[in-house]
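Inspection log for the structure reproduced underneath, given as structure tokens.
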Protein chains: 2
Amino acid sequence: MSSKARATQIDVARLAGVSQAMVSYVVNGNGAVKIPDETRKRILEAMQTLGYVPNALARGLRSGRTKTIGLVIPDNANPFFAEVARFIENIGFENGFSVILCNSDYDLDKENAHVDVLLAKQVDGVIFCSSGGTSEAQQKLRDGKTPWVTLDHDISGLQTGSVLIDYELGGYLATRHLLDLGHDRIGCITGPTQFSSSTERLDGYRQALHEAGRSVDPTLIVPGDFRIRGGEAAMLALLKLDHPPSAVFAFNDLMAIGAMQGARIHGLQVPAEMSIVGFDDIPLAEALHPTLTTIAQPISEIARVVMMILLGQVQGGAGVPAPKAFNRVVLKPSLVVRASSCAPGPSNPGATG
Amino acid sequence: MSSKARATQIDVARLAGVSQAMVSYVVNGNGAVKIPDETRKRILEAMQTLGYVPNALARGLRSGRTKTIGLVIPDNANPFFAEVARFIENIGFENGFSVILCNSDYDLDKENAHVDVLLAKQVDGVIFCSSGGTSEAQQKLRDGKTPWVTLDHDISGLQTGSVLIDYELGGYLATRHLLDLGHDRIGCITGPTQFSSSTERLDGYRQALHEAGRSVDPTLIVPGDFRIRGGEAAMLALLKLDHPPSAVFAFNDLMAIGAMQGARIHGLQVPAEMSIVGFDDIPLAEALHPTLTTIAQPISEIARVVMMILLGQVQGGAGVPAPKAFNRVVLKPSLVVRASSCAPGPSNPGATG
DNA sequence: CTGAAAGCGCTTACAG
DNA sequence: CTGAAAGCGCTTACAG
């Protein structure tokens, strides 16, 4: 048995003494054709005997559907994206879709290469979590006819479904929280500056400062890379300033964790001597010590909405768009106050004078 | 352009004034056929003009290769598996392979369903990180002719490539470390007990205890679920014992993190009043506070070896097995001592008398 | 209810 | 160097 080639519908048909079409009808449960129980049973038995496995390639080529979607994210090792991927895959599985995982590594060329492959593989849809900016990959998706949904916040006239996160609001909430606690000098560890998801958080930071009548000190804004090590390095850089901050807002939780380490390396207590706020609310945020104050992204909600939009378009059939109301959804992040932020201590140089 | 159907090789051939075969040769760079530069250029231009994208389904159907592999893991939201997936995908990308991500959720039925789909989709290979035990899915893989590599430690005569982790050694090292520190009562938070990766760690635990002339107290062994919450609950259960442990070995880092929380909920200091050792060495282990002592699995090495074996079989062509030497690789975990473990305090009831 | 047949887009010998 | 053609395994009208 293991020496023979894989059985096909023709083999099954032959063994069951029916035509190939009958086998196909049984496999696909086509309701338009009624097959006598006796015949169906014979076919099923033949399939069993031969260990028949349908060839999804042939089916896809013929039907134009592959039951596969592509997921492009920057980095699956980041717990936030790992969670996103987990939820997406789960919903896909429940609906009979496989997901091809693509990590772009915040690299536009890689992103582009991945989209090429996904399109060549005839995926039924693509979930595109851009590394930021308008890329070649995004252009291809835009020009093509494969349904796709973006998780970016690039609202420049997208002609597709998009789930947007209000990053600016997130940046505002984080900063506002620290201002409310009495912090005056608030550091900022950003993501790679070319990405819109970074600049938007930064806009929120600035807005909160302005609203409170504070000026923005550019030396307090240091770039990170969305990774732990980058957060640590950024915190150490901030602590070398003549007037270091008493609180730091890191643009994601991973960097916030690194910032905590950086503070400790410097001998500072968190939060007593250094408040830290993150962004994402990864599951580990509340397992840290101290637990991490952060801006929560509604991960499962994001995944749910994205898949609803995408599968709506995919299953609606070619050219039938999803209900207009679902095409653009803005999800709000929210502040989750935990133990890593508190009012500045009296001895803290960064405290309100 | 967006209203037309996707261009095919026939369209390109027509526009370039050549036969379809020529287009195919250009696309695949078949060295056996020499195409004049002028002709090649015309074809390339026509492809550009029409926005030609090869149909990987047709190619796969014809050639028998899909340049796609399947990855079955229990849970991508677990940082350990997220890392594994990340490395696998990366190596796949470098070699021109896409990866279909499948989460089994420690559920044998789901595992089985995923393998069915992967086989139907004609993947070139499967990486199978079993949830444990001999499952239907594993049987199908064994019977089929699709190359596959297992990450399990089920050595019961596997006729396939396998990368094994010496979990027993890991369990031994963790326990031995705690014994060496002077702990007498060492708790154990296991994984789901039906899985061999759990029982093997437990064997190591027992062995270390026996070797030190200690008996195994079954009340100190509590089951976990490989998740943070489960670790916390297990720790709380351990602390309710009449004779609670002074140290705990959790079977993965996620549960170790939960155990830390559980200890804190109970008002215990880690490590002064409760030592904790994990397993995996996820990137966050050294970012925790205190940093986590754990048994490190060589994640990147695991991914590298798995892919080397799998791609060797895939690219070696049907029926040509990889070099025998690569077919079974046992990787050793190692102890990484950090700050979450120390000698028991004098006031600690679990300390050596 | 059942069968013969076209065709999805490609690769690959096989002739010229 | 170039073209005509078979065939990968399936789905789906179309006749009987």
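Each chain gets a letter, A, B and so on, in the order its sequence line appears, and its residues count up from 1.
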Practice problem: Quickly work out the B/N55 CG to C/dG7 P distance and round it to whole Å. | Solution: 18 Å

Quiz item: Are the charged groups of A/E38 and A/K41 less than 4.0 angstrom apart, N to O?
Solution: no

Self-check item: Separation of atom CZ in B/R42 from atom P in D/dT2, rounded to whole Å
Solution: 8 Å

Self-check item: Proximal nucleotide (of C/dC1, C/dC10, D/dC1) relative to the B/P36 side chain
Solution: D/dC1

Exercise. Write down the distance between CD (A/Q122) and P (D/dG9), rounded to a whole number of angstrom.
Key: 19 Å

Quiz item: What is the base-pairing partner of D/dA13, counting Watson-Crick and G-U wobble geometry with both distances under 3.5 Å?
Solution: none

Quiz prompt | A/R6-B/T146 side chain donor-acceptor pair, cut-off 3.5 Å | solution = yes

Self-check item: Atom-pair distance (CD on B/Q9; C1' on D/dA4), nearest Å
Solution: 15 Å

Exercise. Look at A/S19 and C/dG3 and indicate whether a side-chain polar atom (N or O) is within less than 4.0 Å of OP1 or OP2.
Key: yes

Self-check item: First of A/G17 and B/A58 reached from the 5' end of DNA chain C, by closest nucleotide
Solution: A/G17

Quiz prompt | Gap between atoms CZ and P, on A/R6 and D/dC10 respectively (whole Å) | solution = 11 Å

Quiz item: Are any side-chain N or O atoms of B/T68 and backbone N or O atoms of B/T66, one a donor and one an acceptor, separated by less than 3.5 Å?
Solution: yes

Quiz item: Looking only at side-chain N and O atoms, does A/S63 come under 4.0 Å of OP1 or OP2 in D/dT12?
Solution: no

Quiz item: Within this structure, what is the NZ-to-P distance between B/K67 and C/dT11, rounded to whole angstrom?
Solution: 13 Å

Quiz item: Taking atom P of D/dT11 as reference, at what distance in whole Å does atom CD of A/Q20 sit?
Solution: 8 Å

Exercise. To the nearest Å, give me how far apart CE (B/M22) and C1' (C/dG16) are.
Key: 12 Å

Exercise. Please check the phosphate of C/dT2 (OP1 and OP2 only) for any side-chain N or O of A/T39 closer than 4.0 Å.
Key: yes

Self-check item: Nucleotide paired to D/dA4 in any strand shown, Watson-Crick or G-U, under 3.5 Å
Solution: none

Quiz item: Would you say C/dC10 has OP1 or OP2 under 4.0 Å from some side-chain N or O of B/Y52?
Solution: yes

Quiz item: Heavy atoms, side chains only, cut-off 4.5 Å: are B/R86 and A/D105 in contact?
Solution: yes

Quiz item: Would B/K140 and B/D116 pass as an ion pair if we require N to O under 4.0 Å?
Solution: yes

Quiz prompt | Whichever of B/I35 and B/L61 has its nearest DNA chain D nucleotide further upstream toward 5' | solution = B/I35

Exercise. For the side chain of B/R62, starting at C-beta, report the closest nucleotide among D/dG3, D/dT11, D/dC8.
Key: D/dC8

